Amino acid sequence: MNLPQNGHGPSGSESRPKIVILISGSGSNMLAIADQVAAKAPDADIAAVISNVPEAAGIQKARDRDLNTLVINHKDFASRDEFDLKLMRQIDEFQPDLVVLAGFMRILTPGFVRRYEGRMINIHPSLLPKYQGLNTHQRVLEAGDSVHGVTVHFVTEVLDDGPNIIQAVIPVSAEDDADSLRQKVQKQEHIIYPIAVKWFIEGRLKMDKGKAWLDNALLPDSGLQLEA
Ligand code: GRF
């Protein structure tokens, strides 16, 4: 099967593939990815870490790592469209191969999503398609689910709905509360997000025909599932 290329080859590239990471909060996933990139797994450059929240703790963490940081405060814009346009222009200056949403708490306009379709990924703290949206840990507890987890997926126009790439599944115990689930899930996030980034940068992971493919094989609807 012929699948589109990411625009960079495994060899002969003049420059390393570029990643732009968007954050709004503590930035722990951004750091997990930055650690792997620093260890050349994958061999890429983080061109910028961009936050829409000036006081996001992750921005200082990125500065402490000497990463290029930018703040584009969504409150400075009159509309969602204007903010997304500015963000798009800024991202495009870096010509990224991959845009990583790492706790970026904004609903994106369709034009923004279309621009990066197939090269923008997100992490969501549930076993998608279950529990799109917020408060996933509490909702899992209220539903009495025996398992919970986290999903990395390609971003498409429907919120938390693009094709799944990889999931980590964790058991829910009687002692769990929303905070313990959040901690368990975050531990898994820091494992699976760098894996997905590495696959993509190495040209192994693609979105085609609305599906996620790894090594030219169709991934299951759940994405590759890892049991924690
Ligand atoms: C993570 O729980 C992620 O699943 C969700 O937002 C949180 C971001 O955490 N989308 P951090 O900023 O990476 O620490």
Side-chain angles (χ1 to χ4, degrees), residues 19-38 46 48-65 67 69-74 87 98-108 112-113 116 120-141 145 147-170 172 176-198 200 212 222-226 228:
I19 303 170
V20 166
I21 305 179
L22 306 188
I23 65 168
S24 302
S26 73
S28 67
N29 283 284
M30 177 274 298
L31 280 189
I33 292 164
D35 283 346
Q36 290 303 303
V37 169
I46 297 178
V49 175
I50 304 177
S51 173
N52 65 309
V53 178
E55 59 278 7
I59 273 291
Q60 189 54 48
K61 291 177 191 166
R63 286 188 190 124
D64 291 345
R65 302 274 175 123
L67 295 173
T69 59
L70 279 170
V71 172
I72 306 173
N73 188 347
H74 62 276
L87 184 58
L98 178 64
V99 177
V100 175
L101 306 183
F104 187 63
M105 303 304 281
R106 295 286 302 168
I107 292 175
L108 299 164
F112 184 98
V113 173
Y116 304 108
M120 180 158 65
I121 59 178
N122 182 43
I123 191 156
H124 181 79
S126 78
L127 296 174
L128 289 173
K130 287 188 98 173
Y131 308 116
Q132 295 160 334
L134 299 173
N135 301 322
T136 59
H137 312 309
Q138 192 56 40
R139 287 156 69 200
V140 162
L141 290 169
D145 292 357
V147 291
H148 183 30
V150 53
T151 306
V152 177
H153 64 96
F154 281 106
V155 177
T156 56
E157 284 184 44
V158 184
L159 182 70
D160 299 332
D161 189 56
N164 289 349
I165 297 164
I166 185 167
Q167 287 187 327
V169 182
I170 61 160
V172 179
D176 274 318
D177 57 19
D179 199 51
S180 68
L181 287 181
R182 187 186 56 76
Q183 288 179 36
K184 288 181 191 176
V185 161
Q186 277 234 307
K187 200 171 159 198
Q188 298 306 313
E189 292 184 352
H190 303 158
I191 296 169
I192 68 169
Y193 217 179
I195 291 175
V197 169
K198 186 169 184 289
F200 188 90
S222 63
L224 191 120
Q225 271 199 340
L226 300 182

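Because the structure is a prediction, the values reported are computed rather than measured. Read the numbers this way: they start at 1 and go in the same order the structure lists the ligands and their atoms.
- Here OG of S222 is found 12.0 Å from CD1 of I165. Values are rounded to the nearest 0.5 Å.
- At a 4.0 Å cut-off, at least one heavy atom of G27 sits close enough to ligand 1 to count as contact.
- At under 3.5 Å, not a single nitrogen or oxygen of H124, backbone or side chain, sits near a nitrogen or oxygen of ligand 1.
- Look at R182 and D179 and you find a salt bridge, because one of the NZ, NE, NH1 or NH2 atoms lies within 4.0 Å of a carboxylate O, short of that distance.
- Of the candidates K184, H137, K130, H148 forms a side chain to side chain donor-acceptor pair (under 3.5 Å) with just one, namely H137.
- If you check which protein heavy atom lies closest to atom 9 (O) of ligand 1, you get Q186 NE2, 3.1 Å.
- I21 has its side chain within reach of I23: a pair of non-hydrogen atoms, C-beta onward, lies under 4.5 Å apart.
- Ranking protein heavy atoms by distance to atom 8 (C) of ligand 1, first place goes to G103 CA, 3.5 Å.
- Using a 4.5 Å heavy-atom threshold, the side chains of I121 and V197 count as touching.
- In this structure, the ring of H124 has its center no less than 6.0 angstrom from the ring center of H153.
- Closest to atom 3 (C) of ligand 1 among all protein heavy atoms lies E189 OE2, 3.4 Å.
- At least one heavy atom of I123 sits under 4.0 Å from some atom of ligand 1.
- Contact atoms of ligand 1 toward S28: 11 (P), 12 (O), 13 (O), 14 (O) (distance under 4.0 Å to a heavy atom of the residue).
- Considering both main-chain and side-chain atoms, N122 never comes within under 3.5 Å of ligand 1 through any nitrogen or oxygen pair.
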